[in-house]
Enquirer: 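Encoded as structure tokens, here's the structure I'll be asking about.
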Amino acid sequence: MSLHVYNTLTRKKEEFKPIKEGEVGMYVCGPTVYGDSHIGHAKSYVSFDLIYRYLLYSGYQVLYVQNITDVGHLTDDADEGEDKIELEARKRKLQPMAVVERYTRSYFEDMDRLHVLRPDISPRATGHIIEQIGIIQSLIDKGYAYEVNGSVYFNIEKFREYGKLSGRSLDEMIAGVRVESKTEKRHPADFALWKKAEPEHLMKWQSPWGIGYPGWHIECSAMSMKYLGEHFDIHGGGIENQFPHHECEIAQSEAATGKPFVKYWLHNNMVTVEGQKMGKSLGNFVTLKDAFERFNPLVIRFFILQSHYRSPLDFSNDALAAAEKGYTRLINTVMALRNKIDVNQGGEHIPIDLNLYKNNMIDAMDDDFNSPQAIAHLFDLSREVNQYLHDGTHYSASSLETVDNLYRAFGDTVLGILPESVHSSSSGAENIEGDLIQLLIDVRNEARKQKQFTLSDMIRDRLKESGVHLEDSREGTNWKRDT
RNA sequence: GGCGCCGUACCCAAGUGGUAAGGGAGAGGUCUGCAAAACCUUUAUGCGGCGGUUCGAAUCCGCCCGGCGCCUCCA
């Protein structure tokens, strides 16, 4: 099987064939940087990180662009309300760009901890005002947009295909639009490309239509087409942005270029918290910085990848705790494996059919990035690995390394959950700390020989309090840190 | 109201026509001074309910019940 992806545009899984063989252009709607990232961001960007990683693993040359929205995203998508960045800036008495800087850094910090690879380009909307104005001008020239009192709106009645992504018709939208308080728009569902700035507005630029600022949707068209071309392979984002955001992107981009905009639209589903939608108004936002206090970021990543990116995910302490245990099992196996690689010499070849596992994992990932299935195969592999690791046979380091290569490929490169740094500390280059722990282990084992179990258990308990876990086995005592 | 999604064991969660993955929890066992780790066995004749199509359905169709999302801030 080859890679198949679910395309929102056609509502079915399609074979993935990039426009240019061997190369993929991918654009994902990035965060609006007016606050700390939350677990919803984690699901979204871990999902597209998985997609990015698998495309790379599959041998594609990928150009991954993910914007940073630092202007134009209003508190109300019907083109009213305040700019989110400005609102935060006023609240905190900061420059808007200071807000942007703070939360852009915060975003990347959080994503780094989740082992989300950085996009190739992270363009900022404010850095692409000229490009946005260019598209808007071209839309006016072609009759798709009109200027009213210093603002410019897209005329959706001129774009017959408006609604094709979200499956809506113009009639429905007229019925669905709530009462408009502004009368500038010709059609209630028209959307702003450029907004006139009132004098007190902080972020504003000169344009052919006066002083103003760009609408939210236009930035994504401008930045995606600038770096990926007018027609590119993948556009991703949260499912809630299907309408209106992505619908508007299609309209303005295709109207401006006369070409199809995006070949594959990919949307990830959303996070609920304890069964409830996570929303500002509900006050149940879980920021990543808070979540990281309770769980290892990689446990959160593992938890996210244990369900499909197109399925909703319920975030709860119990579910995370269960995921943590499962994750620890995988880590333990990898640690045990790498530990043997370090100490084993010579020996037999471990008889695992690695190609079977590899092909299973490729099949899973080829099927619309089915990470839960891929992880299931990782568990199957781990069970078999553990069986061999505990059967008393001496397996050669070189054959164990071929097993480890599979963990590196899928656990690290593709899924990003089992980093190369996962390693038992009981071997390799020792520092003084390692020497001292080994000394305690030796003392404890001497005590065990003399059946002084009170002393030996005390040593084990005290080390555990310090985050060092001892495990006795036939071959001796290993130790590891808390994961 | 419009559009769409989902309902699989105690919990989480894959599976879209061929006879129910995986993880957690529970029970029993092996190993062990004990513990931990690991392994073995076990836990859904059934996939919300009722009909239908089919040799065969969790998977397709219809109706019903229940939950959720988008249309409004949010990834």
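On a predicted model such as this, the values are computed, not experimentally measured, just so you know. Labels below follow one simple rule: chain letters A, B, ... track the order of the sequence lines, proteins then strands, and each chain is numbered from 1.
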Enquirer: Using the P atom on both, measure B:rU72 against B:rG15 and round to a whole Å.
Expert: 31 Å
Enquirer: Mind checking the C1' distance from B:rA44 to B:rA20? Whole angstroms is fine.
Expert: 8 Å
Enquirer: Base, sugar-phosphate, or nothing for A:Ala322, non-hydrogen atoms under 4.0 angstrom?
Expert: sugar-phosphate
Enquirer: Taking atom types as they are modelled, is there a donor-acceptor pair under 3.5 Å from the base of B:rC5 to the side chain of A:Asn269?
Expert: no
Enquirer: Of the options B:rG33, B:rA38, B:rA14, whose atoms approach the side-chain atoms of A:Asn386 most closely?
Expert: B:rA38
Enquirer: Kindly say if A:Arg383 contacts the phosphate of B:rG23, meaning a side-chain N or O under 4.0 Å from OP1 or OP2.
Expert: yes
Enquirer: Can you confirm whether more than 12 heavy atoms, excluding those of A:Lys358, are under 6.0 Å from its NZ atom?
Expert: no
Enquirer: If we take the C1' atom in both B:rU43 and B:rC11, what is their distance in whole Å?
Expert: 13 Å
Enquirer: Between B:rG69, B:rU16, B:rA21, spot the one nearest the side chain of A:Asp367, thanks.
Expert: B:rU16
Enquirer: In terms of ring plane angle, is the pair A:Phe369 and A:Tyr54 parallel, tilted or perpendicular, where the classes change at 30° and 60°?
Expert: perpendicular
Enquirer: Report yes if at least one side-chain N or O of A:Lys464 is closer than 4.0 Å to OP1 or OP2 of B:rA36; otherwise report no.
Expert: no
Enquirer: Can you check the distance between B:rA14 and B:rG51, where both ends of the measurement are the C1' atom (answer in whole Å)?
Expert: 28 Å
Enquirer: With a cut-off of less than 4.0 Å, is there a side-chain N or O of A:Asn370 near OP1 or OP2 of B:rG15?
Expert: yes
Enquirer: Please give the nucleotide sitting opposite B:rA36 as a Watson-Crick or G-U wobble pair, both distances under 3.5 Å, or none.
Expert: none
Enquirer: Once the angle between the rings of A:Tyr327 and A:Phe302 is folded into 0 to 90°, is it parallel (under 30°), tilted (30 to 60°) or perpendicular (over 60°)?
Expert: tilted
Enquirer: For A:Lys464, look at atom NZ and say whether over 12 heavy atoms of other residues, nucleotides or ligands are found less than 6.0 Å away.
Expert: no
Enquirer: Please evaluate the base of B:rA75 for a donor-acceptor partner in the side chain of A:His38 within a cut-off of under 3.5 Å?
Expert: yes
Enquirer: Taking atom CZ of A:Arg462 as the centre, does the number of heavy atoms from other residues, nucleotides or ligands within less than 6.0 Å exceed 12?
Expert: no
Enquirer: Between the base of B:rC34 and the side chain of A:Arg460, is there a donor-acceptor distance below 3.5 Å?
Expert: yes
Enquirer: Roughly how far apart, to the nearest Å, are B:rC10 and B:rC3 at atom C1'?
Expert: 36 Å
Enquirer: Where the side chain of A:Phe453 is concerned, which of B:rC39, B:rA75, B:rG33 is the nearest nucleotide?
Expert: B:rG33
Enquirer: Is A:Tyr45 touching bases, backbone alone, or none of the nucleic acid, heavy atoms closer than 4.0 Å?
Expert: sugar-phosphate
Enquirer: State which of B:rG33, B:rA36, B:rA75 makes the closest approach to the side chain of A:Glu471.
Expert: B:rA36
Enquirer: Checking all strands, does A:Ser456 fall into the base, sugar-phosphate, or nothing category for heavy-atom contacts under 4.0 angstrom?
Expert: base
Enquirer: Please tell me if A:Arg310 has a side-chain N or O lying less than 4.0 Å from either OP1 or OP2 of B:rC5.
Expert: no
Enquirer: Taking pairing as Watson-Crick or G-U wobble with both contacts under 3.5 Å, can you name the mate of B:rG17, or confirm there isn't one?
Expert: none
Enquirer: For A:Gln387, report the nucleic acid contact type (base, sugar-phosphate, nothing); a contact means any heavy atom under 4.0 Å.
Expert: sugar-phosphate
Enquirer: Could you label the plane-to-plane angle of the A:Phe261 and A:Trp265 rings as parallel, tilted or perpendicular, counting under 30° as parallel and over 60° as perpendicular?
Expert: tilted
Enquirer: Select one nucleotide: of B:rA25, B:rG33, B:rC40, the one nearest the side-chain heavy atoms of A:Lys325.
Expert: B:rA25
Enquirer: Mind checking if A:His390 touches a base, just sugar-phosphate, or nothing, with heavy atoms under 4.0 Å?
Expert: sugar-phosphate
Enquirer: Of all the nucleotides listed (B:rA35, B:rG24, B:rG69), which has the minimum atom distance to the side chain of A:Asp472?
Expert: B:rA35
Enquirer: Nearest to the A:Ser311 side chain among B:rG23, B:rA35, B:rA14, which nucleotide is it?
Expert: B:rA14
Enquirer: Would you mind classifying the nucleic acid contact of A:Thr272 as base, sugar-phosphate or nothing, using non-hydrogen atoms under 4.0 angstrom?
Expert: nothing
Enquirer: Choose from B:rA38, B:rA75, B:rA14 the nucleotide whose nearest atom is closest to any side-chain atom of A:Ser307.
Expert: B:rA14
Enquirer: Give me the distance, rounded to whole Å, that separates B:rC39 from B:rC55 when you measure between the P atoms they each carry.
Expert: 45 Å
Enquirer: Does a side-chain N or O of A:Arg11 approach OP1 or OP2 of B:rC5 to a distance below 4.0 Å, or not?
Expert: no
Enquirer: Counting just side-chain N and O atoms, does A:His41 come under 4.0 Å of either OP1 or OP2 of B:rA75?
Expert: yes
Enquirer: Could you measure between the two C1' atoms, the one in B:rC50 and the one in B:rG66, and give it in whole Å?
Expert: 15 Å
Enquirer: One thing to verify: whether A:Asp49 and A:Arg53 come together as a salt bridge, which I'm taking to mean a side-chain N less than 4.0 angstrom from a carboxylate O.
Expert: yes
Enquirer: In whole Å, measure the gap between the C1' atoms of B:rC61 and B:rU53 for me.
Expert: 7 Å
Enquirer: When we call it a touch if two heavy atoms are under 4.0 Å apart, what does A:Ile239 touch: a base, just sugar-phosphate, or nothing?
Expert: nothing
Enquirer: Hey, does A:Gly326 reach any base, or is it just sugar-phosphate, or nothing, if we go heavy atoms under 4.0 Å?
Expert: sugar-phosphate
Enquirer: Check the angle between the aromatic planes of A:His38 and A:His41 and answer parallel, tilted or perpendicular using the 30° and 60° thresholds.
Expert: tilted
Enquirer: OP1 or OP2 of B:rC70 less than 4.0 angstrom from a side-chain nitrogen or oxygen of A:Lys277, does that happen here?
Expert: yes
